[in-house]
Amino acid sequence: MHDKETILIMAAQWWQNRLHGTGLGWLQDTSYSLIDHGLICAFVERWHEEISSFHLPFGEMTVTLDDVACLLHLPIDNGLLSHGSISRDEAVELMETYLGSSTGDALKEVKKTKGVHCRFSYLERIFKERLKE
Amino acid sequence: METEYGVTQEVQGLRDQAVCIYLLYLVGIMILTNKSQRAVDVVYLRYFRDLDLVAGYSWGAATLAHLYKELNNVARCNCS
């Protein structure tokens, strides 16, 4: 997603203001370049559903809301996200309104992912289109 | 008619769409991921209706709840 031209636009003031105004801007600076698959699998094996904790040799350990706030810098003290599932028609409508997709494209995404989803490859493509325009 | 950044409303609209697309991408790839790792639920677009109000939602809490749920899912069906 990040070629030279895109990075240049993303450095622009309007982009930074807009992104950080949403409270999710920190996410773009918070990522791992290397993800250890083995380590993640080991943690998953030690996860206990009943107590929502990792069972480790020295006791139980879990991820807390404070950890999320400190590591990802996401807002934690506002309204909760609450939504039910949506129909495919509603999904197409949302994509048309907020992403500016054409009806054909939106229908294709919904069909390809067999649900109300949208592929990352498609998002990358339309993102570059918008920036060019 | 010009907006606060001195661009036409049409350009502003396109910019907002780009921000929207990028946010959906970020949310899908970083905090509300699922096993498929290829697609993101478009229902989150609802919260991007007004970009100024996005910060009014508790994304941290949603992330944690989602993490617990997905961990339960993968732990139960024993697949990675």
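Sequence lines set the chain letters: A, B, ... in the order given, protein chains first and strands last, and positions in each chain run from 1.
- Applying the side chain to side chain contact (heavy atoms under 4.5 Å, CB included) criterion to A:D77, with sequence neighbours excluded, gives no partner residue.
- Residue contact with chain A, scored on non-hydrogen atoms closer than 4.5 Å, involves the backbone and the side chain of B:A61 alike.
- Interface check for chain A: of the options B:D52, B:V40, B:L14, the most heavy-atom pairs under 4.5 Å are formed by B:V40.
- In this structure, the portions of B:L71 lying under 4.5 Å from any heavy atom of chain A include both its backbone and its side chain.
- A salt bridge does not link B:K69 to A:E49: none of the charged nitrogens lies less than 4.0 Å from a carboxylate oxygen.
- Rounded to the nearest 0.5 angstrom, B:W59 CH2 and A:L72 CG are separated by 13.0 Å.
- Within the 4.5 Å cutoff, the side chain of A:L94 has heavy atoms near those of the B:R46 side chain.
- In this structure, chain A has no heavy atom under 4.5 Å from any part of B:L53.
- Taking CG of B:L64 as the start and CG of A:D67 as the end, the distance is 8.5 Å to the nearest 0.5 Å.
- B:V42 places none of its side-chain heavy atoms less than 4.5 Å from the side chain of A:H117.
- Ring pair A:F120/B:Y25 is perpendicular by interplanar angle, where above 60° counts as perpendicular and below 30° as parallel.
- Residues A:T62 and B:Y68 are in side-chain contact: their nearest non-hydrogen atoms beyond the backbone lie under 4.5 Å apart.
- Heavy atoms closer than 4.5 Å to chain A are found in the side chain of B:Y47, but not in its backbone.
- Counting heavy atoms from C-beta outward, B:I21 and A:Y98 have side chains that stay 4.5 Å or more apart.
- Atom CG of A:L27 sits about 9.0 Å away from atom OH of B:Y22, to the nearest 0.5 Å.
- Contact of the B:I31 side chain with the A:V68 side chain is not registered, since no non-hydrogen atoms from C-beta on lie closer than 4.5 Å.
- In this structure, A:L81 CG and B:L32 CG are separated by 7.5 Å, a value rounded to the nearest 0.5 Å.
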